S.K.: 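Just passing along the structure, written as structure tokens.
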Amino acid sequence: MVLASLLSPAGAADAGGARAEDASGTQPEDTAVLADLRLDQVIDAVVANGAEPELLTGLLVRRVRDTDTLRYRQEVFRDLEEPALLAGARRFADLMRQVRTQLDQLDRMNSVHQRQGWFLDAAASYCEAVRSLTSELTECHAGSRGLLAFRDYLTRYSASAAFRRLAEDAADRQKDLAGIRYLVRIKGPRVEVSRYQDELDYSAELEKTFERFQQGAVKDYRVSYRVWPGMNHVAAQITALVARLYPDQFSALVEFCGHHADFVDPQVRQFERELQFYLAYLAYIQRVQSAGLGFCYPELAEDSKDVFAADTFDLALAAKLVAGGKPVVTNEFRLSGAERIFVVSGPNQGGKTTFARTFGQLHHLAGLGCPVPGSAARLYLPDQIFTHFEREEDGANLTGKLEDDLRRIQRILLSATSDSIIVMNEVFTSTTVSDACFLGAKVLEKVIELDLLCVYVTFIDELASLSETVVSMASTIVPDNPAQRTYKVIRRPADGLAYALAIADKHHVTYEQLRRRIRT
Amino acid sequence: MKGHLLYPARDFDITAELPAGHEDLIQDLELATVLHAMSAGDKFLLDVCTRVMLAGLTDPAVIRYRQEILADCVAEPEIIREMYSIATAALLDRRKLWGFGISQHPTSILAAAIRQLEVLIVRLRELRQLADKHADTFRSAGLTALFRGLQLELDDDYFETLSRHLKQLRFGDGELISAELDRDTSSINFMLRLGPARRGWKERVGIEPRSSYSFTIPPRDEAGANALADMADRGINQVASAAAQSADHVTSYFTMLTVELGFYVSCLNLRDRLAAAGQTVAFPEPTPADSGELSCVDLRDTSLGLRIDHVVGNDVNADGQAIVIITGANSGGKSTFLRSVGLAQLMMQCGMYVTAGSYRASVRHGIFTHFIREEDPDMVSGRLDEELGRLSQIVDRIGPRCLVLFNESFAATNEREGSEIARQVVRALLEANVMVLFVTHQFDFADRFRRQAVAGQAGNSALFLRAGRQPDGRRDFKLQVADPLPTSYGEDIYLRIGGWL
């Protein structure tokens, strides 16, 4: 059976396996590439936000080159920008997760009453999940093909006789049980269970006597007891006696469990699994967004290599900085016409590597159908992404390292096509400047010949003016404090001009600044 | 039951954050000396008086409310100290017992709570007796209300109710607990109930359905016994928590008393120390923030007075002045004067007396200090950077009707640049209705304000004080009203300490 899918217009292959993630036939991205781009951190954090780790990991490491699928996903993300709809989807996912957990626990329960109560509770949560999401999807004006298909299915399903019967029965049984109140008297080893008859609450009386001394809020000393399935035999005996005190309510419960044994609908389950992809990614970027950083839906460059991104940033780094309450610097890149290659040079600590990673990250994320860091972007769908970052292993001899570097680069240049993207960072630092200049020029010439998109981070300024397809970018520093990281990379080499900020100006304590700052 | 000794109808918030930048204020005004004299080595009192002092009042009526209480305390120091020691003893008694904060068993929480309540109630009785004895001694609104409240709230009936509760909390006859069904049909919402479970006669003779079933745990079923004990624990959970909270309530009452009385006890301590050092004190006269007043007779640096004999006082009338610029000889008492004003202002605004013949001043909505710091004398640029960073932090918090004391600020660069920065800063502050006291060697800066004042420019009413010197070149530490002079007296000091070059 082909089920509708939230991930692809083609639908999911089957209910259990969910092959939608590799329907396009692409291979998972190389783990070394993901690590170089710090996408492994992003993926781990996103997966940690969702309930389906395997499905999510599978989706997040596979770029899709099919623009229709990518737009299909972007549409769903756009719909989920509406806070009410997103909240509704999260609530649905949480409830469904809870339902699954509860059903899994049934086998471990010894008390028959407990099993039945727990099953009833799971059924009630399921009904609530379906109903609230149905009304949420109907009220919010979803426009994506994926969510519209979901909505139509849910509307039909929740109006079906079977579902309505389930919901009504569950509500009745819960009401029955909630109305039961009883007394337990414990005296030595003897336990007596009886009907409740309006006895006085003693703690309320005690509280009233002492409240006159209260100066402020006090701690709650109630010990919190863990609620966990697995009743001990004393508790089970008590419940069994309660069942004898209230026989009608308990026999109706038995009937309920028999009648609604398999209540979870396979298509609802499929949607719920796939929804995790969206919810987990959005939960991850939400923290970054809360620091005022924007995300956008990239335009997909199909027929040209004109790419750009405005106000963009390294997502993995931003997540860390925002968590530490630190500011994030945004950058911009743009290639147009014949331009293909960014050569990034300039002072260290200036954000060159971050810039290179950002470029790689954006292209991977765009290939997942996800919103990417930035206020606007146009990105290419490469056949492969290659990275060459300095490896820190074996500090043995320089020749060995240089050779290793060259072999790795050779492999990349042999496998790359004009549709690929290469991100190279601080190449040939392990050799002399003239060597590095010579080798760098050789590599770049080959890259230029391949006509592919590339970011090349280097300490050799000369490489920046090798061809008109090369765009020079430079990192910047604060003249006052060269140790401070700026993370700002701008087009053109640094002109070396000091800002010469007056110290007073830096602290915002000149007359004009003070006039504005002092509250009146 | 409230203390309300620090505000007429409000508690003092001992947990409030200290104002930002308080470290600078404490360091610059040498406040630590005063605070230590107040606390007499007691860490708790040190914390209390630090907090009360830094949380200055801006309402002259509230200041007078405290002044009246303090006057009562000064008249009857023994009663206040006795009341304070009852409160601290209550807290000490309690601390000697096992606490219940970490227990995971309501049974032990309840037992600990009962023990605590027992010792605390003894101290409550002592308070009541003290109140009975001295109800008519005091005049201040604050202390009169406190004593009357004790007599009213802690009457004999109330003590009887307390005893009854302590007895009931030991449940001789097993616990009766009501419960409901959780989502998995296990029992929840346990609540301890009073009264026996009743059964009607119809049920007993079998006419009505049974309303009660029972079972008994077999003697060797240890797990069952544990489960039952656990259930009993859950049953008394709420009551144990209520009892523990009751103990906390009484404790918090005593804690509140130690805070509010602690401040006045600290004031008594300081007064004793000052008296021993021959320092006289007077209650200052706070005036509304907008009155723009600052005048004093024989104003002395409280902190200095605790450390050395023969502290010289200053008489200054700066009423209506926007800025006071103090120039003149090194070691001429400029910094001391600045500190004496800062301390007097702080002490006045927390309800204390001041070390002066008289002190009359507007309340300020914030008191800030910007003093030159000695560290890193070599790193000139780093020092200016640090100074301006500190200034920037002050600017974040300052506003109209505040007071800033500058002590040789912006001297970390050459005089022209330093003067320019100082001029810009002071101009902006004066325009924002901030009063400024500025000790400076920078003639250029000081003289510019003198010329503006002479020219009668708006907002620039300035008073110029100068550290004087005797005809023999020795300083008398008294400030005179005098215009700035182009030179300081570093040469004098150099000569006095030997002229070793």
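Proteins come first, then strands; the chains are lettered A, B, ... in the order of their sequence lines, and each starts at number 1. Keep in mind that what you see is a predicted model, and the values were worked out from it rather than measured.
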S.K.: Quick one, A:D265 and A:F163 - any side-chain contact, counting heavy atoms below 4.5 Å?
M.R.: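 No, every pair of side-chain atoms sits at 4.5 Å or beyond.
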
S.K.: Less than 4.5 Å to any heavy atom of chain B: does that hold for the side chain of A:F119, its backbone, both, or neither?
M.R.: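 A:F119 has no heavy atom closer than 4.5 Å to chain B.
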
S.K.: Heavy-atom distance under 4.5 Å to chain A: side chain of B:L117, backbone, both or neither?
M.R.: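 Side chain of B:L117 only, per the 4.5 Å heavy-atom cut-off to chain A.
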
S.K.: Below 4.5 Å from any heavy atom of chain A, which atoms of B:M191 appear? Answer side chain, backbone, both or neither.
M.R.: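 Side chain of B:M191 only, per the 4.5 Å heavy-atom cut-off to chain A.
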
S.K.: Heavy-atom pairs under 4.5 Å with chain B: which of A:E207, A:Q102, A:Q116 has the most?
M.R.: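 Max contact count across the listed options: A:E207.
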
S.K.: Looking at A:R517, A:R515, A:H113, A:E211, which makes the most heavy-atom pairs under 4.5 Å with chain B?
M.R.: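 Answer, by heavy-atom pair count under 4.5 Å with chain B: A:R517.
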
S.K.: Determine the option with the most heavy-atom pairs under 4.5 angstrom with chain B, choosing from A:L177, A:I238, A:T209, A:I180.
M.R.: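 Counting heavy-atom pairs under 4.5 Å, the top option is A:T209.
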
S.K.: Top residue by heavy-atom pair count (under 4.5 Å) with chain A, among B:V434, B:T251, B:V425, B:T161?
M.R.: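 That would be B:V425.
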
S.K.: Against chain A, label B:Y158 side chain, backbone, both or neither, depending on which of its atoms sit under 4.5 Å from a heavy atom there.
M.R.: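 For B:Y158, side-chain heavy atoms alone lie under 4.5 Å from chain A.
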
S.K.: For B:E387, is there an ion pair with B:R390 - N to carboxylate O distance below 4.0 angstrom?
M.R.: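 No, no charged N to carboxylate O under 4.0 Å.
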
S.K.: Taking atom types as modelled and ignoring hydrogens, do the side chains of A:R190 and B:T216 form a donor-acceptor contact shorter than 3.5 angstrom?
M.R.: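 Result is no, nothing qualifies.
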
S.K.: Please determine, among B:Q238, B:K2, B:H105, the option with the most heavy-atom pairs under 4.5 Å with chain A.
M.R.: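 Winner by heavy-atom pair count: B:Q238.
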
S.K.: Relative to chain A, which segment of B:A232 carries a heavy atom at a distance below 4.5 Å: side chain, backbone, both, or neither?
M.R.: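 Both parts, heavy atoms under 4.5 Å.
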
S.K.: Could you tell me whether B:R164 and B:E160 make a salt bridge, using a distance below 4.0 angstrom between a side-chain N and a carboxylate O?
M.R.: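 No, B:R164 and B:E160 are not salt-bridged.
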
S.K.: Given a strict heavy-atom distance threshold of 4.5 Å, which part of B:R401 is in contact with chain A: side chain, backbone, both, or neither?
M.R.: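 Interface part for B:R401: neither.
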
S.K.: So which part of B:N189 gets closer than 4.5 Å to some heavy atom of chain A, the side chain, the backbone, both or neither?
M.R.: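 Neither part.
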
S.K.: To the nearest 0.5 angstrom, please state how far the CD atom of A:Q237 sits from the CD1 atom of B:I217.
M.R.: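 If I round to the nearest 0.5 Å, the distance is 6.0 Å.
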
S.K.: Quick check with a 6.0 Å cut-off and a 45 degree axis cone: is A:R173 positioned over the face of A:F256's six-membered ring?
M.R.: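 No, A:R173 does not sit over the ring of A:F256.
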
S.K.: Any idea which of B:V426, B:D221, B:T15 has the most non-hydrogen atom pairs under 4.5 angstrom with chain A?
M.R.: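 The residue among B:V426, B:D221, B:T15 with the greatest pair count is B:D221.
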
S.K.: Determine the option with the most heavy-atom pairs under 4.5 angstrom with chain B, choosing from A:T239, A:V191, A:V234.
M.R.: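 Winner by heavy-atom pair count: A:V191.
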
S.K.: Decide, yes or no, whether a salt bridge links B:R234 with B:D230 under the criterion of side-chain N to carboxylate O below 4.0 Å.
M.R.: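 Salt bridge: yes.
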
S.K.: Kindly compute the distance separating OH (A:Y182) from CD1 (B:I177), expressed to the nearest 0.5 Å.
M.R.: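 A:Y182 atom OH to B:I177 atom CD1 measures 11.0 Å (nearest 0.5 Å).
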
S.K.: Please classify the contact between B:A223 and chain A as side chain, backbone, both or neither, with a heavy-atom cut-off of under 4.5 Å.
M.R.: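 Backbone plus side chain of B:A223, per the 4.5 Å heavy-atom cut-off to chain A.
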
S.K.: Between B:S187 and chain A, which part of the residue has a heavy atom less than 4.5 Å away: side chain, backbone, both or neither?
M.R.: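 Contact with chain A is through both the backbone and side chain of B:S187.
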
S.K.: Under 4.5 Å heavy-atom distance to chain A, tell me which part of B:D11 shows up: side chain, backbone, both or neither.
M.R.: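 Just the side chain, heavy atoms under 4.5 Å.
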
S.K.: Among the options B:M256, B:R397, B:E180, B:E153, pick out the one with the most heavy-atom pairs lying under 4.5 Å from chain A.
M.R.: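 The answer is B:E180.
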
S.K.: Would you mind telling me which of B:F254, B:F190, B:F215 has the largest number of heavy-atom pairs within less than 4.5 Å of chain A?
M.R.: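 Of the options given, most contacts go to B:F215.
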
S.K.: Do A:R181's NZ or CZ and the ring of A:Y196 fall within the cation-pi criteria of under 6.0 Å and 45°?
M.R.: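 Yes, A:R181 sits over the ring of A:Y196.
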
S.K.: Give, as side chain, backbone, both or neither, the part of B:N226 having an atom under 4.5 angstrom from any heavy atom of chain A.
M.R.: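 Neither part, no heavy atoms under 4.5 Å.
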
S.K.: Quick one: do B:I14 and B:T255 satisfy side chain to side chain contact (heavy atoms under 4.5 Å, CB included)? Show the steps, please.
M.R.: CA-CA 10 Å; B:I14 191 81; B:T255 305; over 6 Å; no

S.K.: Is the number of heavy atoms from other residues, nucleotides or ligands within 6.0 Å of CD (A:E255) greater than 12?
M.R.: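 Check fails, neighbour count at 12 or below.
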
S.K.: When only pairs under 4.5 Å are counted, which of A:R222, A:Q214, A:E512, A:R212 shares the most heavy-atom pairs with chain B?
M.R.: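 The residue among A:R222, A:Q214, A:E512, A:R212 with the greatest pair count is A:R212.
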
S.K.: Which bit of A:E205 is near chain B, if near means a heavy-atom gap under 4.5 Å: side chain, backbone, both or neither?
M.R.: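 Both parts, backbone and side chain.
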
S.K.: Tell me whether B:E420 is salt-bridged to B:R423, with the criterion being a basic N under 4.0 Å from an acidic carboxylate O.
M.R.: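 The answer is yes: the pair qualifies as a salt bridge.
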
S.K.: What I want to find out is whether A:R165 reaches A:D169 closely enough, with some N-O distance under 4.0 Å, to be called a salt bridge.
M.R.: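 Salt bridge flag = yes for A:D169 with A:R165.
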
S.K.: Evaluate side chain to side chain contact (heavy atoms under 4.5 Å, CB included) for A:R244 paired with B:Y213, printing each intermediate quantity in order.
M.R.: CA-CA 8 Å; A:R244 284 172 73 184; B:Y213 293 96; 3.4 Å; yes

S.K.: Pick from B:G235, B:A179, B:G389: which one has the most heavy-atom pairs with chain A under 4.5 Å?
M.R.: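 The candidate making the most pairs under 4.5 Å is B:A179.
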
